[in-house]
Amino acid sequence: MEAIVTKSDSDFVDGLKAGVSIAVGYMPVALTFGLLARTTGLTLYEAVLMSILVFAGAAQYITLSLIAIGTGAFEIIFTIFIVNIRHLLMSASINEKVEADTPWKKAVYAFGITDETFTVSATKKGALTTGYMFGLCLISYSSWVIFTGGGYIAGATLPEVIQQGMSVALYAMFVGLLIPSAKKSRKVLFLAGLAAIFNSILTLAQFPTGWAIVIATLLSSIIVEWFIGRGTNE
Amino acid sequence: MSNSMIWLIVGLAVVTYIPRMIPLVFFNSDKIPPVIQNVLKNVPFAILGALIFPGILTINDDMMFGVIGAVAAIVAAYLGANLIVVVMFAVAVLSTYAYFI
């Protein structure tokens, strides 16, 4: 029974540890967001408030670019909704893997589901506990909010060369999550490769990013399931 | 802080939170047919592919940034490096490249 008492604690710490890579990856992205928000004309509080309430990198960047070209609020909100459609898919997929818990707890950590927290939790072996999800989301969220403010205040704190190098951080993390599973399973390789190809075609055809990712992901998940069937892909 | 900006931010928060929350709170796994459950289990790996490519090619005007960063990350990950090491290694390699061009 002791194991049960200490269980949620250590899961929380596991989540924090797993989130360190994301926190590091978010640093340059959030710093740059803070910087750009200033040049777009937002105040410090508006920039930080956006990171506090929205917590979505792609959506926030696109918002800045739409504000910059004078797009109306309704159009911006609708565009961002389309961009966020992919999270429906991620959240549904995560729901298959998390432990059953009270709806309000799931509603709280649902706020923390981003491309990055999703991929880290989804590729983790075994079931996901509520404690783990809280730890993972909390450290990622903290990094995002703190470095948004930091970027706004400090401007370009990092040397230009390092900033350029850090632009690859989040992509490197995605690669780092994919390769170990792809080494073990050909199915994983097909899933990722096929989705990359579909997404490239849809991007070239100028589909909105959110839809392109959703369609590419669904197509490859269905096609691979159809032809290869239910093998394990852990 | 301007009022219209606050309402914009609140609107963005709503359309970002809803897609994240609905499936987790309102879907019941027991009632989802096995075929769909299997497809959902494929999603993480498919989405990784879609998130990486072609986006990685556009991190810089110079397309080589994405290529070099990807190769560095793939090599480190293939050799079994820890996730954080993969990220740091790719950043270091790319910073070196940026320094020399």
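Proteins come first, then strands; the chains are lettered A, B, ... in the order of their sequence lines, and each starts at number 1. From a predicted model like this one, the values you see are computed outputs, not experimental measurements.
For the set Y171(A), F55(A), F198(A), W104(A), the count of heavy-atom pairs under 4.5 angstrom toward chain B peaks at Y171(A). The choice from I94(A), I76(A), L218(A) that makes the most heavy-atom pairs within less than 4.5 Å of chain B is I76(A). Most heavy-atom pairs under 4.5 Å with chain B, from the set A195(A), S91(A), A172(A): that is S91(A). Residue with the most contacts toward chain B among A56(A), A18(A), A107(A): A107(A) (heavy-atom pairs, distance under 4.5 Å). In terms of heavy-atom pairs under 4.5 Å with chain B, the best-connected choice from F74(A), F78(A), F118(A) is F118(A). The candidate with the highest count of non-hydrogen atom pairs below 4.5 Å against chain A, out of T96(B), V15(B), L94(B), is V15(B).
Between F45(B) and T123(A), some side-chain heavy-atom pair lies under the 4.5 Å cut-off. At least one side-chain heavy atom of R20(B) sits less than 4.5 Å from a side-chain heavy atom of T114(A). Within the 4.5 Å cutoff, the side chain of N199(A) has heavy atoms near those of the P54(B) side chain. Considering only heavy atoms from C-beta on, F26(B) stays 4.5 Å or farther from P103(A) through its side chain. A heavy-atom distance below 4.5 Å is found between the side chains of L88(A) and P23(B). Side-chain contact between M173(A) and L83(B): present, with at least one pair of heavy atoms (C-beta onward) separated by less than 4.5 Å. Using a 4.5 Å heavy-atom threshold, the side chains of F174(A) and I56(B) count as separate.
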From CA spacing to verdict: side-chain contact (heavy atoms from CB on, under 4.5 Å), I179(A), V86(B): CA-CA 11 Å; I179(A) 299 291; V86(B) 172; over 6 Å; no

Verdict with reasoning, I113(A) to L24(B), per side-chain contact (heavy atoms from CB on, under 4.5 Å): CA-CA 10 Å; I113(A) 294 189; L24(B) 265 169; 3.4 Å; yes

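Atom CD1 of I6(B) sits about 7.0 Å away from atom CD of E46(A), to the nearest 0.5 Å. Within the model, atoms CG of L8(B) and CE of M50(A) stand 6.0 Å from one another, a figure rounded to the nearest 0.5 Å. Interatomic distance, M5(B) CE to T43(A) OG1, rounded to the nearest 0.5 Å: 8.0 Å. Between the CD1 atom in I47(B) and the CE atom in M90(A) there is a gap of 3.5 Å [rounded to 0.5 Å]. One finds the CD1 atom of I84(B) at 10.0 Å from the CD1 atom of I22(A) (value rounded to the nearest 0.5 Å). Considering CG of L49(A) and CG of L12(B), their distance stands at 10.5 Å, rounded to 0.5 Å.
Contacts between V175(A) and chain B at a heavy-atom distance below 4.5 Å involve backbone atoms as well as side-chain atoms. Of the two parts of Y109(A), only the side chain, counted from C-beta on, holds a non-hydrogen atom closer than 4.5 Å to a non-hydrogen atom of chain B. For a residue to count as touching a neighbouring chain, one of its non-hydrogen atoms must lie under 4.5 Å from one of that chain's; by this rule K183(A) touches chain B with the side chain only. If you measure heavy-atom distances from I77(A) to chain B, the contacts under 4.5 Å come from both the backbone and the side chain. Contacts between I67(A) and chain B at a heavy-atom distance below 4.5 Å involve the side chain alone, from C-beta outward. Using a 4.5 Å cut-off between heavy atoms, V214(A) does not touch chain B at all. For I197(A), no part lies under 4.5 angstrom from a heavy atom of chain B. With a 4.5 Å cut-off on non-hydrogen atoms, T63(A) touches chain B through its side chain but not through its backbone. Residue contact with chain A, scored on non-hydrogen atoms closer than 4.5 Å, involves the side chain of Y17(B) exclusively.
Evaluated for a side-chain contact (heavy atoms from CB on, under 4.5 Å) with N42(B), the options S221(A), S220(A), S93(A) yield exactly one hit, S221(A).
Shown here is F190(A), whose CZ atom has no more than 12 heavy atoms of other residues, nucleotides or ligands within 6.0 Å. Few gaps surround CZ on F111(A); more than 12 heavy atoms of other groups in view lie less than 6.0 Å from it. Surrounding CZ of F81(A) are at most 12 heavy atoms belonging to other residues, nucleotides or ligands under 6.0 Å away.
When every heavy atom of Q164(A) is checked against every heavy atom of N60(B), the shortest pair comes out as NE2-ND2, 4.1 Å. Among all heavy-atom pairs drawn from L53(A) and A13(B), the shortest one is O-CB, 3.5 Å. The two residues V161(A) and S95(B) come nearest to each other via the heavy atoms CG1-O, 2.9 Å. Taking each heavy atom of I52(B) and L178(A) in turn, the nearest pair found is CD1-CD2, 4.1 Å. Considering all non-hydrogen atoms of both residues, A196(A) and G49(B) come closest at CB-O, 3.7 Å. When all heavy atoms are compared, the tightest approach of V25(B) to K106(A) is CG2-C, 4.3 Å.
Distance alone, capped at 3.5 Å, is enough to place a donor-acceptor pair between the N95(A) side chain and the F27(B) backbone.
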